[in-house]
Amino acid sequence: MPQDYPTEQSSRPLILGVTGASGLIYAVRALKFLLEAEYTIELVASKSTYMVWQAEQDIRMPVEPDQQEQFWREQAGVDTQGKLRCHRSSDVGANIASGSFRTQGMLIMPCSMSTVGKLAAGLSSDLLERAADVQLKEGRKLVIVPRETPFSLIHLRNLTSLAEVGVRIVPAIPAWYHQPKTIEDLVDFVVARALDQFDIDCIPINRWQGGHIKQ
């Protein structure tokens, strides 16, 4: 299994934003591998995320940040490794709301089309959107994993607007050449490609090497 543990240069926290799009397993798997590789994660979930947890897993996500940390660790199956701090979506005074708080960037996964639209318009109605806007204004990495199908023309225009200002867009589209056997294999491929945008390689996937697979 590849391991890319943080170096002094890459020890800044990574922000993980989770929106109300379907596919919370993407966020859970990303968190699992990042924490196991001893990364520091600042996590903020939108209000709609609570409803998606209820709809997809019949689970209630806690409101209090300390309880959320325990909740996310339980879902990811990582008890103590790495560092995780959770934030209320309404806490626009949190550290990640300021450009003076230095980070590696932000990953929004899954990313709803509502969030895409607000970011494209420069709107910040909660901490998740504010944190993303900070990455844009500071010229830091912002990676989004949109989870919607089909895309409307409005969706495509909003995504184009974000791409034009440097946002990396990694759709939740798995590949098949790595011979997936489970749902987790399909999910992990997408998560790995998203983390590739930060030069983070901590997920054991089979990578294409030109005519053969790298084990």
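For this chain, numbers begin at 1 and follow the sequence in order. The shown structure was predicted, so the numbers you read here are calculated from the model rather than taken from an experiment.
Screening Leu43, Leu34, Val143 for a side-chain contact (heavy atoms from CB on, under 4.5 Å) involving Leu14 leaves a single residue, Leu34.
Scanning both residues, Tyr26 and Val191, for their nearest heavy atoms gives O-CG2, 3.6 Å. Val52 approaches Gly20 most closely through the heavy-atom pair CG2-O, 3.0 Å. Pairing each heavy atom of Ile15 with each of Ala131, the nearest pair is CD1-CB, 4.4 Å. Among all heavy-atom pairs drawn from Met109 and Ala194, the shortest one is SD-CB, 4.4 Å. For the residue pair Ala37 and Cys202, the shortest heavy atom distance occurs at CB-CB, 3.9 Å. Across every non-hydrogen atom of Pro62 and Tyr50, the tightest pair is O-CE2, 3.4 Å.
Within a 6.0 Å radius of CZ in Arg168, no more than 12 heavy atoms belonging to other residues, nucleotides or ligands are found. Under a cut-off of 6.0 angstrom, the local environment of CG in Leu123 is crowded, with over 12 non-hydrogen atoms contributed by other residues, nucleotides or ligands. Remark: Ile154 CD1 is loosely packed, at most 12 non-hydrogen atoms of other residues, nucleotides or ligands lying under 6.0 Å away. Heavy atoms from other residues, nucleotides or ligands lying under 6.0 Å from CZ of Arg193 number 12 at most.
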Could you walk me through whether Thr40 and Ser11 pass the side chain to side chain contact (heavy atoms under 4.5 Å, CB included) test, one step at a time? CA-CA 7 Å; Thr40 297; Ser11 62; over 6 Å; no

Step-by-step side-chain hydrogen bond (donor to acceptor under 3.5 Å, both in side chains) determination, Thr103 to Gln135: CA-CA 9 Å; Thr103 69; Gln135 310 313 303; 3.2 Å; yes

Test side chain to side chain contact (heavy atoms under 4.5 Å, CB included) on Ile200 and Tyr39; report intermediate values, then the result. CA-CA 10 Å; Ile200 295 175; Tyr39 279 85; 3.8 Å; yes

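In this structure, Glu148 CD and Leu159 CG are separated by 10.5 Å, a value rounded to the nearest 0.5 Å. Here the straight-line distance linking atom NE2 of His155 with atom OG of Ser112 works out to 9.5 Å at 0.5 Å rounding. Remark: Lys47 NZ to Ser125 OG distance equals 8.5 Å, nearest 0.5 Å. Separating the CD atom in Glu138 from the OG atom in Ser98 is a distance of 7.5 Å, to the nearest 0.5 Å. Rounded to the nearest 0.5 angstrom, Phe71 CZ and Leu84 CG are separated by 12.0 Å. With rounding to the nearest 0.5 Å, the separation of CZ in Arg140 from CZ in Phe198 is 12.0 Å.
In terms of modelled atom types and a separation under 3.5 Å, the side chain of Lys141 and the main chain of Gln197 share a donor-acceptor contact. Judged by distance alone, the side chain of Gln68 and the main-chain N or O of Met61 form no donor-acceptor pair under 3.5 Å. A side-chain donor-acceptor contact under 3.5 Å links Asp126 to the backbone of Glu129. Arg85 contributes no side-chain N or O that, together with a main-chain N or O of Glu42, makes up a donor-acceptor pair within less than 3.5 Å. Arg147 contributes a side-chain N or O that, together with a main-chain N or O of Ser22, makes up a donor-acceptor pair within less than 3.5 Å. Of the possible donor and acceptor atoms, none in the side chain of Asp91 sits under 3.5 Å from a partner among the backbone N and O of Arg88. In this structure, the side chain of Thr19 does not engage the main chain of Ser46 through any donor-acceptor pair within 3.5 Å. Between the side chain of Arg73 and the backbone N or O of Val78, at least one donor-acceptor pair lies under 3.5 Å. Side-chain atoms of Gln81 never come within 3.5 Å of backbone atoms of Leu35 as a donor-acceptor pair (strictly under, hydrogens ignored).
You'll find the side chain of Gln75 reaches within 4.5 Å of the side chain of Ile59, heavy atoms only. Within the 4.5 Å cutoff, the side chain of Ile108 has heavy atoms near those of the Leu142 side chain. Phe189 places none of its side-chain heavy atoms less than 4.5 Å from the side chain of Ile203. Between Asp188 and Phe33, the closest side-chain pair of non-hydrogen atoms falls below 4.5 Å.
In the hydrophobic clustering of ILVMFWY residues, with side-chain heavy atoms under 4.5 Å counting as a link, Val28 and Val190 come out together. Cluster membership for Leu119 and Val92, using ILVMFWY side-chain heavy atoms within less than 4.5 angstrom, is not shared. Ile173 and Leu195 fall into different hydrophobic clusters, where Ile, Leu, Val, Met, Phe, Trp and Tyr are joined by side-chain heavy atoms under 4.5 Å apart, directly or via other members. A continuous path of hydrophobic side-chain contacts links Leu128 to Ile144 [ILVMFWY only; heavy atoms under 4.5 Å]. Under a hydrophobic clustering in which Ile, Leu, Val, Met, Phe, Trp and Tyr are joined whenever their side-chain heavy atoms come within less than 4.5 Å, directly or via other members, Val44 and Val134 fall into different clusters.
The pair Arg207-Asp201 meets the salt-bridge criterion, since a charged nitrogen lies less than 4.0 angstrom from a carboxylate oxygen.
Applying the side-chain hydrogen bond (donor to acceptor under 3.5 Å, both in side chains) definition to pairs two or more places apart or across chains, none involves residues 157-167.
In this structure, a donor-acceptor pair under 3.5 Å is absent between the side chains of Asp66 and Gln70. A donor-acceptor pair shorter than 3.5 Å cannot be found between the side chains of Arg12 and Gln104.
When the side-chain contact (heavy atoms from CB on, under 4.5 Å) test is applied to Leu186, the partners found at least two apart in sequence or on another chain are Pro174, Trp176, Pro180.
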